Each structure stands twice: as structure tokens, then as C-alpha cells.
Amino acid sequence: MKKLFLLTIAFLSYSQAESQVLTGTLVDSGRKLLTTEETFTIPSIADGTVVVELAVNREGIVTGTKIIGEQSTIKSTPSRMKAENAAKKLTFTAGTRYAPFEHVRVKYTYKKTVN
């Protein structure tokens, strides 16, 4: 019973980490996020979200980013840049069987911090 509980906790924590990778051709082709230290949470003075669309090459490296304004609630340019800079550090599964460039949308959550 203890093993089942631990397995359930591990599964739930993994699925929560992956839930910030939303949609795109990269997800459809089965590529996985390899960056494990990414939390997708950014401390801020206000709560909100920013959705960033990424272009990823065959090596799994992010080559371009674009903010999706209609899906984002944060309007501050410096705050949006934080999400773009964090997104540029992500890496994904590499392989020659994938398209030369694939796209994926990633959501960053901004949490209000108390000083």
C-alpha cells in the first residue's frame, strides 16, 4: 500500500510539471521537455500568466520565442521578458526524425510575492 501511495504521488508531481507545456506540433510528435529544473513559476508583484510560443529545432534547442498576447494576463514588458528569457533556456528531445522546426506553447505563472 505504501508503494502505491508513493507511486501515485510521483505520478501526480510529474504530471503537474508537464502541464505547463500546452500544445503544438512538438507535443503532437511526442517530443518531451528535458529541462528538469524549470518550475514555470516566476515571482512577481502581481498574479497572472504569460503564454510563450517557441520554435524548436531538431537538436531540441529553442531558436525563437513569441508572446501570445490574447492568452496572457501580464501586460508589463519587463515581466513578459522574464518569461521569454526563461523559455529560451528550455531543451527538448532531439532527433533527425522530427521536422526541422516545430512549435510549442508554454505557460508561465506569475505568483505575487509578499515582501
Side-chain angles (χ1 to χ4, degrees):
M1 186 67 174
K2 191 175 189 180
K3 287 182 183 178
L4 179 62
F5 177 73
L6 291 175
L7 182 62
T8 303
I9 296 296
F11 175 75
L12 290 175
S13 65
Y14 176 75
S15 65
Q16 288 297 320
E18 291 294 313
S19 68
Q20 299 303 320
V21 177
L22 303 176
T23 61
T25 58
L26 185 133
V27 174
D28 296 340
S29 66
R31 295 173 78 173
K32 301 288 182 196
L33 176 65
L34 299 178
T35 310
T36 57
E37 65 273 358
E38 184 62 44
T39 64
F40 297 101
T41 302
I42 298 173
S44 179
I45 59 170
D47 291 333
T49 60
V50 171
V51 176
V52 183
E53 184 168 356
L54 313 176
V56 180
N57 65 13
R58 285 186 173 149
E59 288 77 36
I61 299 169
V62 175
T63 58
T65 61
K66 179 175 93 172
I67 299 288
I68 307 301
E70 54 272 1
Q71 294 181 356
S72 302
T73 59
I74 298 290
K75 302 299 179 197
S76 164
T77 300
S79 294
R80 287 179 165 207
M81 291 302 298
K82 287 181 183 179
E84 275 193 296
N85 290 336
K88 289 176 184 176
K89 297 176 185 174
L90 298 176
T91 57
F92 296 87
T93 307
T96 56
R97 69 175 190 222
Y98 301 119
F101 290 96
E102 292 185 312
H103 294 259
V104 65
R105 289 188 179 184
V106 178
K107 180 173 77 172
Y108 284 90
T109 303
Y110 288 73
K111 295 283 184 181
K112 188 174 185 178
T113 56
V114 180
N115 291 335

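Below, each value reflects all heavy atoms present in this structure, side chains not excepted, and no hydrogens, waters or symmetry copies. Worth saying up front: this structure is predicted, and the values here are computed from it rather than measured.
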Side chain proximity check, K82 to V50, heavy atoms < 4.5 angstrom: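 In short, these two side chains do not touch, never coming nearer than 4.5 Å.
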Pairwise distance CZ(R31) to CG(L26) - rounded to 0.5 angstrom: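 Rounded to the nearest 0.5 Å, the CZ-CG separation comes to 5.0 Å.
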Pairwise distance OG(S79) to CD1(I45) - rounded to 0.5 angstrom: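 CD1 of I45 is found 6.5 Å from OG of S79.
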Whether S72 side chain and V51 backbone form a donor-acceptor pair below 3.5 Å: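 Checking the backbone N and O of V51 against the side chain of S72, a donor-acceptor pair under 3.5 Å is found.
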Report, one line per pair, each donor and acceptor closer than 3.5 Å where one atom sits in a side chain of residues 60-69; sequence neighbours left out.
from : atom 1 : to  : atom 2 : distance (Å)
T63  : OG1    : A55 : O      : 3.3
T65  : OG1    : E84 : OE2    : 2.8

State which residues pass side chain to side chain donor-acceptor pair (under 3.5 Å) with [X]; sequence neighbours excluded, sorted by chain then number.
| X | result |
| --- | --- |
| N57 | E59 |
| S29 | E102 |
| R80 | none |

How far apart are the closest heavy atoms of [X] and [Y], and which atoms are they?
| X | Y | result |
| --- | --- | --- |
| S44 | Y110 | CB-CD2, 3.6 Å |
| G48 | I74 | CA-CD1, 3.8 Å |
| A87 | V52 | CB-CG1, 4.2 Å |
| K112 | D47 | N-OD1, 2.6 Å |

Ring pair (Phe, Tyr, Trp, His ring centres under 6.0 Å) partners of Y108, counting only residues at least two apart: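 Result, ring pair (Phe, Tyr, Trp, His ring centres under 6.0 Å) vs Y108: F40.
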Salt bridge (charged side-chain N to carboxylate O under 4.0 Å, His left out) involving R105 - partner list, sequence neighbours excluded: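 By the salt bridge (charged side-chain N to carboxylate O under 4.0 Å, His left out) rule, R105 matches E53.
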Side chain to side chain donor-acceptor pair (under 3.5 Å) contacts in which one or both residues fall within residues 89-99, not counting sequence neighbours: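 Output for this query lists T35-T91.
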Side chain to side chain contact (heavy atoms under 4.5 Å, CB included) between L33 and Q20, worked out: CA-CA 10 Å; L33 176 65; Q20 299 303 320; over 6 Å; no
